[in-house]
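What follows is a short report on a single structure.
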There are 2 protein chains.
Amino acid sequence: MTSPASEDQAQAKVARYQIGEVADRTGVTQRTLRFYEEKGLLRPPERMDGGFRLYSDDDVQRIEYIRQLQQYLGFTLAEIKEMVEAEDLRQQIISTFRPDRELPARLERVTRIIGALERQLEVVDHKVEALQEMQGDLRAKLDRVTTRRHELEEAIAEEQSQKKS
Amino acid sequence: MTSPASEDQAQAKVARYQIGEVADRTGVTQRTLRFYEEKGLLRPPERMDGGFRLYSDDDVQRIEYIRQLQQYLGFTLAEIKEMVEAEDLRQQIISTFRPDRELPARLERVTRIIGALERQLEVVDHKVEALQEMQGDLRAKLDRVTTRRHELEEAIAEEQSQKKS
DNA sequence: AACAACAGTGACGTACACGTTAAAGATGCG
DNA sequence: CGCATCTTTAACGTGTACGTCACTGTTGTT
């Protein structure tokens, strides 16, 4: 019974996926998954005996999060790395849940997380603002041009009716 | 009097800037300005006799617009090119302001502009939505973590007062 | 006219974000 | 057990968005 000191929680059904399946599920390539790991965006997943990567549902969620940040929001991988590192810190604190002792250390980590979150929020707020301004501009332009189309349509209709007469 | 058919509007004070000044004003490098021109993001500006580029206020505005799209909104230059091309079409229509004849052609151009604007709006709407969701998530996380900080602070304060007693 | 400072055009270099082989080992299935 | 399929690492290739020379030509100042 010399188990390597792990897996004691009732491991009911912690699903694990190989890289191929994760790639299919998330829509990113295997290469990209390894790349993200290399760059520190993903924590090194477990491995099976042969060395194959085994991803958890958490990992899958995180990959989807990364893609969101990248594709829809235009963050660079470096920025995303900072953001997910903060996320990691949060996870650590949650798992390190011995509710007393080392309170000052815990306080400090929490404070750092708050700082990171605040910085992220600032960036996001700024982007939202810029985008909403754009949205307004675009809508205004669209309105004006749509009006012009109506005018043109009417002008053409008039021309047609004049030809007929 | 065989002028090459141009410049008849009272050209009161159309300011022109050389590339260096434009670079300073907009914060982009000269190299980038030439690059944008090469890629079709900026219309080729006027030149003076020696070949130096002369930018207008319109050009400067456009450069700032491009930077907004790129930096805050995460559009690629290819996407931006599409967007500013639509803008160009609008300008052309405004300048080509002979109010009758060729009405169907004008209608078609207007319709194309509307299509482009609608596509842009769709993209922007999507991004705004994604960002606002993020914003909510971040705020929620921040709330939770801030609560935890208060708890920790109180716990520490308690510990302190116990030491004193 | 001389001269520094600025601007022009290539051409090559670079950082990011992956894609694409290539070669070798691991797994699943009949 | 054999064999196709999958996964591994390593190395090189690619497109985007510029940066960095290097060298030539242009402008403003004295």
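Note on naming: letters A, B, ... go to the chains in the order of the sequence lines (proteins, then strands), and numbering restarts at 1 for each one. Since this is a predicted model, take the numbers as computed values, not measurements.
Comment: B/Glu64 does not engage B/Arg67 in a salt bridge, judged by the lack of any side-chain N to carboxylate O separation of less than 4.0 angstrom. Salt bridge status for A/Lys141 with B/Glu87: present, with a side-chain N to carboxylate O gap under 4.0 Å.
Checking side-chain atoms of A/Thr146 against main-chain N and O of A/Leu142 turns up a donor-acceptor pair under 3.5 Å. Looking at A/Glu79, its side chain does come within 3.5 Å of a backbone N or O of A/Thr76 through a donor-acceptor pair. No donor-acceptor pair under 3.5 Å is formed between the side chain of A/Thr32 and the backbone N or O of A/Val28.
For A/Arg47 and D/dC6, the CZ to P distance is 19 Å, given to the nearest whole Å. Remark: C1' of D/dA17 and CD of B/Gln71 are 12 Å apart, rounded to the nearest angstrom. Atom pair B/Glu38:CD and C/dC12:C1' shows a separation of 14 Å (rounding to whole Å applied). Remark: P of D/dT7 and CD of A/Glu37 are 14 Å apart, rounded to the nearest angstrom. Residue A/Tyr55 contributes atom OH, which lies 11 Å from atom C1' of D/dT7 at whole-angstrom precision.
Looking at heavy-atom distances under 4.0 Å, A/Arg34 makes contact with a base.
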Provide a list of protein-nucleic acid N or O atom pairs under 3.5 angstrom, restricted to nucleotides 21-30 of chain C.
unit_1: C/dT27; atom_1: OP1; unit_2: A/Gly50; atom_2: N; d: 2.9

Considering only nitrogen or oxygen atoms on both sides, find all protein atoms under 3.5 Å from nucleotides 14-20 of chain C and state each distance.
unit_1: C/dA17; atom_1: OP1; unit_2: A/Leu77; atom_2: N; d: 2.8
unit_1: C/dC18; atom_1: OP1; unit_2: A/Arg67; atom_2: NH2; d: 3.1
unit_1: C/dC18; atom_1: OP2; unit_2: A/Tyr36; atom_2: OH; d: 3.0
unit_1: C/dC18; atom_1: OP2; unit_2: A/Gln70; atom_2: OE1; d: 3.4
unit_1: C/dC18; atom_1: OP2; unit_2: A/Gln70; atom_2: NE2; d: 2.6
unit_1: C/dG19; atom_1: OP2; unit_2: A/Thr29; atom_2: OG1; d: 2.5
unit_1: C/dG19; atom_1: OP2; unit_2: A/Thr32; atom_2: OG1; d: 2.8
unit_1: C/dG19; atom_1: N7; unit_2: A/Arg31; atom_2: NE; d: 3.3
unit_1: C/dG19; atom_1: O6; unit_2: A/Arg31; atom_2: NH2; d: 3.3
unit_1: C/dT20; atom_1: O4; unit_2: A/Arg31; atom_2: NE; d: 3.3

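With contacts defined as side-chain heavy-atom distances shorter than 4.5 Å, the pair B/Ile113/A/Arg148 does not qualify.
For the residue pair A/Tyr17/A/Asp59, the side-chain donor-acceptor check at 3.5 Å is not satisfied.
For A/Glu85, the side chain to side chain contact (heavy atoms under 4.5 Å, CB included) test picks out A/Lys81, with sequence neighbours left out.
Put simply, A/Arg53 has a side-chain N or O that comes within less than 4.0 Å of OP1 or OP2 on D/dT8.
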